[in-house]
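Just so it is clear, the values below take in all heavy atoms, side chains as well, and ignore hydrogens, waters and symmetry mates.
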Amino acid sequence: MAGTEPKVTLDLARGLGLTADEYDRIIARLGREPSYTELGLFSALWSEHCAYKHSRAFLSRLPTRAPHLLQGPGENAGAVDIGDGWAIVFKMESHNHPSFIEPFQGAATGVGGILRDIFTMGARPIAILDSLRFGDPSDPKTRQLVNGVVSGISWYGNCFGCPTVGGEIAFAPEYSGNPLVNVMCVGLVRADRIFRARAEGVGNPVFYVGNKTGRDGIHGATMASATFDDEAEAKRPTVQVGDPFTEKLLLEACLEAMATGAVVGIQDMGAAGLACCTSEMPARSGTGMEVELSAVPQRETEMTPYELLLSESQERMLLVGARGRDEELRCVFAKWELDAVKIGEVTAGPELVVRHRGEPVARVPVDALADGPRYDKPHAPPAWLAERQAFDPLSLPEPADYGATLVRLMSAPTIASKEWAYRQYDQQVGTNTLVLPGSDAAVLRIKGTRRAIAVSTDGNGRQVVLDPRRGGALAVCEAARNVSCAGGRPLGVTDCMNFGSPERPEILWQFAEAIDGIAEACRALEVPVVGGNVSFYNETSGQAILPTPICGVVGVLEDAGRLATQWFKATGHRIALLGPDAVSLGGSEYLWTLHGRVAGRLAPLDLEMERRVQSAVRAAVQAGLVTAAHDCSEGGLAVALAESSVSGTRTGAAVGCDVTVERGRRLDETLFGEGPSRVVVSVEAARQREFEALMAESAIPWRWIGTTGGERLTVRAAGRVVVDVAVDRIEHAWRSGFERHMA
């Protein structure tokens, strides 16, 4: 081994994020002390970010099989069959820690990374969605983070040429020291042309392709596996630097190379860079690999083996080619002005052998790196949970003016229009986007077919902190409900699990419960989990974020001409409310906005009812019976009606409504209480009999509640008007609520 490396000690191992027990396990596995470079390999590959050592035991509970599932967890991304020989490839990843340290590049490289995960599967990316969480929007630091993150997402996606078509932005104080930047990407590929991250075929050449390697991002995976403190910004050098123009070239070169048949396997050099690819690819194939680091293209001088292996420089891939077709691959990448350099070959295994200028610097069994430690640590509910759940929101006074309360909720940053953000994104590049950001789900056509896909993301940390199992299930249900409201049949789920430190029993309990909730909802709705990401250690100075599982759902529309959006289209349409009456102010936007509390119990969730409601909505959309469909989520029924009235003004005029509600225990709960399985739809008067007949077959509770039209939103209860507000006043509050914080 190289003699110039630092001396390996337990203190050095701890400084790289390994525990004393893990260090002992490395020595036992190797039968000797590791070299410095080998220790670096283990520190990255055994980090939480790469090894999932606290989460793997729980992730196995998720349903990951379905007849239409082509690829589940364990690859760069998941894939589902949508018919006509086409498949959709999709995945969601987090870039939380880098985005806090350096918002622009952290978010930008998060986009770049998820794009590469998609096109390494052989798919062309067709859509990006982002799910973002920030602290108090009135805090200048939050404004700086929002501006940087949104700018980074738009810059990378716009330059690369992939539309950003949806997502969500929410705010809570718990995210002040640790924002969440979750990015989802969707790609399109022929179902029989999916590529995988395998190193098969002993003697096959291993190619480094793409950008040159620098010192940016070294120990990025380790940084993402640790909590923050007041010195977090000193970790800025661990944030990668992106180049979307090079990534676009890399996309085209990779897809062209795949089309030649000369590519055996391919993987993105993401977290842990070259170290990850050279161990994970052979581990999946039961092979080994030998590489020569001096052949790696470099943009900085005198890089050490340690730096070359652990750099997370962007826009790079590791490619296993077919033997004898080296020149063919080089020519493809040369056409796109990219490096394509043979740095090694596949061996019979079982080791990864790394050399530098001919001298061995690491020799490690690939399965030791790729199959790191697994922990089953104690987990238990937090002591404060019972007290929070026991609080009754109805013990608080009712609002004096329900119209003013509705306007206030519509201006709340989490509910208000996010047009300030998404107008910075190119939403239509590729000319596939049928429904732009601002509706329940984005819809994109599949050219050459009658089909379209609908995509949505969702998650609510306040619900999860009060009831992790139900909150996890609700995240799946709402994302799937959004897809159903557009007319899509949900096919698969990708998730991003954002939590605090798993070394705290209450955090690990929240995680385990949320996983069980997601699993229950996926089974009930018959949608498999195709893959995703776990992001632990989201806390700063001991303050953890709200537990926030984000779920992204992809669905298919058999007829792209039969879709729905959330806004009312015209005067005189009948309005119906589908689903149960059960709602709660527990964990609601109303309770937080008016009273600053996160407490109470969530409304009950009947997963069979959820399945039937979504099926009924899809059937109504596909039959062309509804002109608008919008789920009731944050803010409850009143906010859903208001959003349906004002959110379509980019394509037409605002449309008011006059509705009558059946008062429950209290009016604020009826209007602003939140509960699952509830959808507002509008129907042309001439087709109401057809709609009634369809609902009669659906076996769900539903009722007519009013009519669209006019310039006011009017709500009646118990024979009196309880809300009567001009629609333009609601629209002004909704359009300015978020943007005024960003000015």
Q: Would you please test Glu731 and Arg735 for salt bridge (Lys or Arg N to Asp or Glu O under 4.0 Å) and show each step?
A: CA-CA 6 Å; Glu731 183 181 2; Arg735 292 207 178 277; 3.0 Å; yes
Q) Where is the tightest heavy-atom contact between Pro490 and Val553, given as atom of each residue plus distance? A) CB-CG1, 3.8 Å
**Q.** Heavy-atom closest pair, residues Gly187 and Ile118
**A.** CA-CG2, 3.6 Å
Q.
As a quick check of understanding, evaluate side-chain contact (heavy atoms from CB on, under 4.5 Å) for Asp130 and Tyr425, giving each step before the final call.
A. CA-CA 11 Å; Asp130 53 84; Tyr425 306 144; 3.6 Å; yes
Q. Can you tell me if His97 uses its side chain to pair, donor with acceptor, with the backbone of Tyr537 under 3.5 Å?
A. yes
Q. Is Gln614 reaching over with its side chain to a backbone N or O of Cys477, donor-acceptor style, under 3.5 angstrom?
A. yes
Q: Please assess Phe245 against Phe160 for the test ring pair (Phe, Tyr, Trp, His ring centres under 6.0 Å), listing each intermediate value before the final yes or no.
A: CA-CA 6 Å; Phe245 301 105; Phe160 178 85; over 10 Å; no
Q | Polar side-chain atom of Asp243 near backbone of Val241 as donor-acceptor pair, under 3.5 Å | A | no
**Q.** Nearest heavy-atom neighbours spanning Cys162 and Val429
**A.** C-CG1, 3.6 Å
Q) Does any non-hydrogen side-chain atom of Tyr422 lie less than 4.5 Å from one of Ile169? A) no
Q: Could you grab the distance from atom CG of Asn182 to atom OG of Ser94, nearest 0.5 Å is fine?
A: 6.0 Å
Q | Trace of the side chain to side chain donor-acceptor pair (under 3.5 Å) decision for Asn96 with Asn178 | A | CA-CA 7 Å; Asn96 304 337; Asn178 206 124; 5.9 Å; no
Q: Give the intermediate values and the outcome of side-chain contact (heavy atoms from CB on, under 4.5 Å) for residues Ile446 and Ile453.
A: CA-CA 7 Å; Ile446 305 301; Ile453 60 166; 4.1 Å; yes
Q) Going from OG on Ser633 to CZ on Arg481, what distance comes out if it is rounded to the nearest 0.5 angstrom? A) 7.5 Å
(Q) Less than 4.5 Å apart, side chain to side chain, heavy atoms only: is that true for Gln428 and Asn432? (A) no
Q: Answer whether the closest heavy-atom distance between the side chains of Asn538 and Phe536 falls below 4.5 Å.
A: no
**Q.** Considering all heavy atoms, the nearest Ala629-Cys485 contact
**A.** CB-O, 3.5 Å
Q: Kindly say whether Gly177 contributes a backbone atom to a donor-acceptor pair with the side chain of Thr540 at under 3.5 angstrom?
A: yes
(Q) As a quick check of understanding, evaluate side chain to side chain donor-acceptor pair (under 3.5 Å) for Asp136 and Thr142, giving each step before the final call. (A) CA-CA 6 Å; Asp136 181 356; Thr142 298; over 6 Å; no
Q. How many angstroms lie between atom CE of Met92 and atom OG1 of Thr457, to the nearest 0.5 angstrom?
A. 5.5 Å
Q: For the pair Thr246 (side chain) and Pro244 (backbone), establish whether a donor and an acceptor sit closer than 3.5 Å, ignoring hydrogens and angles.
A: no
(Q) Restricting to non-hydrogen atoms, name the atom on Lys91 and the atom on Ala77 that form the minimum distance, rounded to 0.1 Å. (A) CB-CB, 3.8 Å
Q. Rounded to the nearest 0.5 Å, how far apart are CE of Met742 and OG of Ser736?
A. 12.5 Å
Q.
With a 4.5 Å cut-off on side-chain heavy atoms, are Pro549 and Phe511 touching?
A. no
Q. Does the gap between the ring centers of Phe171 and Phe738 come in under 6.0 Å?
A. yes
Q: Output yes when a side-chain donor or acceptor of Arg451 lies under 3.5 Å from a complementary backbone atom of Ile82, and no otherwise.
A: yes
Q. Can you tell me how far the OG atom of Ser501 sits from the CD atom of Glu48, to the nearest 0.5 Å?
A. 9.0 Å
**Q.** Distance-only polar pair, side chains of Gln566 and Ser647, donor-acceptor under 3.5 Å
**A.** yes
Q.
Using the rule side-chain contact (heavy atoms from CB on, under 4.5 Å), only one of Thr433, Asn158, Thr164 pairs with Asp426; which is it?
A. Asn158
Q: Measure the spacing between CD of Glu102 and OG of Ser99 and express it to the nearest 0.5 Å.
A: 9.0 Å
Q: List the steps and the verdict of side chain to side chain donor-acceptor pair (under 3.5 Å) for Glu674 and Tyr590.
A: CA-CA 9 Å; Glu674 298 174 12; Tyr590 167 87; over 6 Å; no
Q | Trace of the side chain to side chain donor-acceptor pair (under 3.5 Å) decision for Ser682 with Thr627 | A | CA-CA 6 Å; Ser682 62; Thr627 56; 2.6 Å; yes
Q. Can you list the steps and then say if Glu174 with Gln543 is a side-chain contact (heavy atoms from CB on, under 4.5 Å)?
A. CA-CA 7 Å; Glu174 292 84 353; Gln543 173 63 58; 4.0 Å; yes
Q. Would you call Thr109 and His95 a side-chain contact if the rule is heavy atoms closer than 4.5 Å?
A. yes
Q.
Give me the atom names and distance for the closest heavy-atom approach of Ser645 to Leu713.
A. OG-CD1, 4.1 Å
Q.
Contact between Val554 and Val483 at the side-chain level, heavy atoms closer than 4.5 Å - yes or no?
A. no
Q) Between the side chains of Thr120 and Asp268, is a donor N or O closer than 3.5 angstrom to an acceptor N or O? A) no
Q. Once the angle between the rings of Trp155 and Phe104 is folded into 0 to 90°, is it parallel (under 30°), tilted (30 to 60°) or perpendicular (over 60°)?
A. tilted
(Q) A side-chain contact here means heavy atoms from C-beta on lying under 4.5 Å apart; do Leu602 and Gln463 qualify? (A) yes
(Q) Looking only at the side chains, is there a donor atom on one of Glu589 and Thr593 sitting less than 3.5 Å from an acceptor on the other? (A) yes
Q: Look only at the side chain of Ser154 and the backbone of Ser151, and say whether a donor-acceptor pair between them is shorter than 3.5 Å.
A: yes
**Q.** Main-chain N/O of Ala570 paired to Thr708 side chain as donor or acceptor, under 3.5 Å
**A.** yes
Q) Does any N or O in the side chain of Thr405 come within less than 3.5 Å of the main-chain N or O of Pro399, such that one atom is a donor and the other an acceptor? A) no
Q: Verify salt bridge (Lys or Arg N to Asp or Glu O under 4.0 Å) between Lys418 and Glu168, making sure each step is shown before the conclusion.
A: CA-CA 8 Å; Lys418 306 305 185 301; Glu168 47 173 350; over 6 Å; no
Q. Any ion pair linking Lys248 and Glu252 (charged N to carboxylate O, less than 4.0 Å)?
A. yes
**Q.** Face-on cation placement of Lys141 at Phe134 ring, 6.0 Å and 45° thresholds
**A.** no
Q. Can you check whether Gly242's main-chain N or O pairs, donor with acceptor, with Gln105's side chain at less than 3.5 Å?
A. yes
Q: Verify side-chain contact (heavy atoms from CB on, under 4.5 Å) between Tyr402 and Asp668, making sure each step is shown before the conclusion.
A: CA-CA 8 Å; Tyr402 277 96; Asp668 53 354; 3.5 Å; yes
Q | Side chain to side chain, Val165 and Leu436, heavy atoms closer than 4.5 Å | A | no
Q | Donor + acceptor pair across side chains of Arg116, Gln314 (<3.5 Å) | A | yes
Q. Is any side-chain N of the basic residue among Glu610 and Arg678 closer than 4.0 Å to the acidic one's carboxylate O?
A. no
